[in-house]
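Heads up, the thing below is written out as structure tokens.
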Amino acid sequence: MSKHIVAIDIGASKVCASAGFIDNNGDLQVEALATAKCTGVKNSVIISIDDVVKAIVKCKNQLEDILETSIERAYMVIPNAMCEYCKNKGVIAISQESGVIKEKDIKRVLDSSKLMHVSEGKEIIEAIPMEYYVDGYRCYKNPIGMEASRLEVDALVVMAEMDPLDDFIRSVNRAGIKVEGISLQSISLAMACLSREQRNSGVAVVDIGLETVDISVYKNDKTCYNSSMIIGGHNISKDISLCLKVPYNNAEDLKIQYGIVSDEEKRKESIKVKTSYDDIVEVGLGTLSQIIEARVEQILQIIKTELEKNELYDKISNIVLVGGGITQFKHIIDIAEDIFKMPIEIGMPRHVGALSPVYANVVGVLEDVANSLKEELEVNELNSTEHEESDFEDDSEEDLDEEKNKSGIMNKIKGFLEEFF
Ligand SMILES: Nc1ncnc2c1ncn2[C@@H]1O[C@H](COP(=O)(O)OP(=O)(O)OP(=O)(O)O)[C@@H](O)[C@H]1O
Ligand SMILES: [Mg+2]
């Protein structure tokens, strides 16, 4: 079995893949990154499976060349836009025999929070615990091991549209890769770019891509809000194309080549640009910058309004920007800090060689998987110790197996995938 963990992020502008392994200290090491342009996705929905499959195959080949091994399995990112989030409560009674909350009770209470109406075409893929209550009292730590007769949870239940998710999974399969599990975008971003301290004190991580802006808010180390809006880097290129009357691809090149120019002298310089009518016109770098700045500021204002509207603005103390949509512009931090009036960071995965906000999702999945595997290992170790000591205890084999089947988000979602096929 390959020791590599592989992750795939299917975006509107490109497919990204990463591979890593867990070293002897239990830490994730990122070994390889691959990227391939892709035009088969629109607003997080696959519009051409063939294009997406081709891009995934290119990434697969790149990784295989670097790792010198074949890639047969991978985890994938599920974008916020594909998901709907809903708060729900779960309640269970704790077995009177033991009177202590066990791992399997956590699974049971989360399962009970999933008992709710789901509209047609959607399925519940996950329940993320937000708050536990033990015998009616809020529990500020992991409730496992606590004595109780009742356990409650306030959970964020995640539902996904099945058809688009099905297309994502099929395109990976058609590229010759089996989907081993999925990771929610909000979780992968938090894993890649946020510290526990940030997640505790309140932070918004905002992924601005080609066509979508995805916002996830963390407070008290828990995700409390996720949303997706249709706007992104594409709108900036479209504005340049419309205002300067240049073809879209040329507008994209101008945006990437010149970006936002802040130096006053440089802003007075002009460049020659070929219009859609094959005329050559002179355009001032100041004018190009103004077009870009106007849209960048509008995107940031929309994010601010979204946070204010949902009463989140006062709950966060900083904002982390990722994705390629606006993070690559010079002075973007100054522009964003002027609008948000709070510290802004560009989120970088904490791995040498992956230091780009564009790789945040795909590296975050590796972190998520690595964490889940570590958790799984710890629980298995705990269970085997318990097993050795439990000759006199009354836990059945079935109970122990259930506990082994535990826990990390990856594992739970793996269970969902098994049900799905
Ligand atoms: N150097 C650059 N300067 C400005 N914009 C850039 C630069 N490099 C990339 N971009 C923009 O980043 C955007 C793509 O970002 P990203 O790779 O995060 O999107 P994606 O994940 O493929 O899309 P989505 O998340 O919307 O599905 C494009 O609009 C592209 O023009
Ligand atoms: Mg993206």
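Just so it is clear, the structure is predicted and the values come from calculations on it, not from any experiment. Whatever order the structure lists them in is the order used to number ligands and atoms, beginning at 1.
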Query - Enumerated ligand 1 atoms positioned under 4.0 Å from heavy atoms of F329 - result: 4 (C)

Requested in this report: If a pair satisfies side-chain hydrogen bond (donor to acceptor under 3.5 Å, both in side chains) and one of its residues is in residues 54-65, list it, with sequence neighbours excluded.
Outcome: K60-E64

Query raised in the report: Relative to the heavy atoms of E252, which atoms of ligand 1 are at a distance of less than 4.0 Å?
Result: 30 (C), 31 (O)

Query raised in the report: Is any NZ, NE, NH1 or NH2 atom of the basic residue among D221 and R196 found under 4.0 Å from an Asp or Glu carboxylate oxygen of the other?
Result: yes

Query - For G323, atoms of ligand 1 separated by under 4.0 Å from a heavy atom - result: 18 (O)

Query - Those residues that, when tested against K304, pass salt bridge (charged side-chain N to carboxylate O under 4.0 Å, His left out) (two or more places apart) - result: none

Query raised in the report: Which ligand 1 atoms does G325 reach within 4.0 Å, using its non-hydrogen atoms?
Result: 12 (O), 13 (C), 15 (O)

Requested in this report: May I ask you to say whether E72 pairs ionically with K178, meaning some side-chain N is under 4.0 Å from a carboxylate O?
Outcome: no

**Report entry** Atom of Y313, atom of K341 and distance for their closest heavy-atom approach
**Finding:** OH-N, 4.2 Å

Query - atom 19 (O) of ligand 1: nearest protein contact (heavy atom, Å) - result: L210 N, 3.2 Å

Query raised in the report: Can you list the ligand 1 atoms lying under 4.0 Å from a non-hydrogen atom of T212?
Result: 24 (P), 25 (O), 26 (O)

Query raised in the report: atom 11 (C) of ligand 1: which protein heavy atom is closest, and how many Å away?
Result: G324 O, 3.3 Å

Query raised in the report: Going by an N to O cut-off under 4.0 Å, is there a salt bridge joining D105 and R108?
Result: yes

Report task. Give the numbers and elements of all ligand 1 atoms closer than 4.0 Å to a heavy atom of H234. Result -> 29 (O)

Query raised in the report: Taking atom 2 (C) of ligand 1 as the point of reference, which of K255, K330, Q328 owns the nearest heavy atom?
Result: Q328

Report task. Ignoring angles and geometry beyond distance, decide whether S13 reaches within less than 3.5 Å of ligand 1 through its nitrogen or oxygen atoms. Result -> yes

Report summary line: Counting from 1 in the order shown, the ligand 1 atoms closer than 4.0 Å to a non-hydrogen atom of G233 are 29 (O)

Query raised in the report: Ignoring hydrogens and geometry, is there a side-chain-to-backbone donor-acceptor pair from T327 to L321 under 3.5 Å?
Result: no

Query raised in the report: Is D214 in polar range of ligand 1, meaning some N or O pair under 3.5 Å apart?
Result: no

Report summary line: Near G11 (heavy-atom distance under 4.0 Å), the atoms of ligand 1 are 21 (O), 22 (O), 27 (O)

Query - Selection from E211, K42, K14 by shortest heavy-atom distance to atom 26 (O) of ligand 1 - result: E211

Query - Any side-chain donor near an acceptor of the partner, Y359 and D9, under 3.5 Å - result: no

Query raised in the report: Do S112 side-chain atoms and V109 backbone N/O form a donor-acceptor pair below 3.5 Å?
Result: yes

Report task. Provide, to 0.1 Å, the distance between atom 27 (O) of ligand 1 and the closest protein heavy atom, together with that atom's residue and name. Result -> A12 N, 2.8 Å

Query - Salt bridge present between E293 and R267 (N-O < 4.0 angstrom) - result: yes

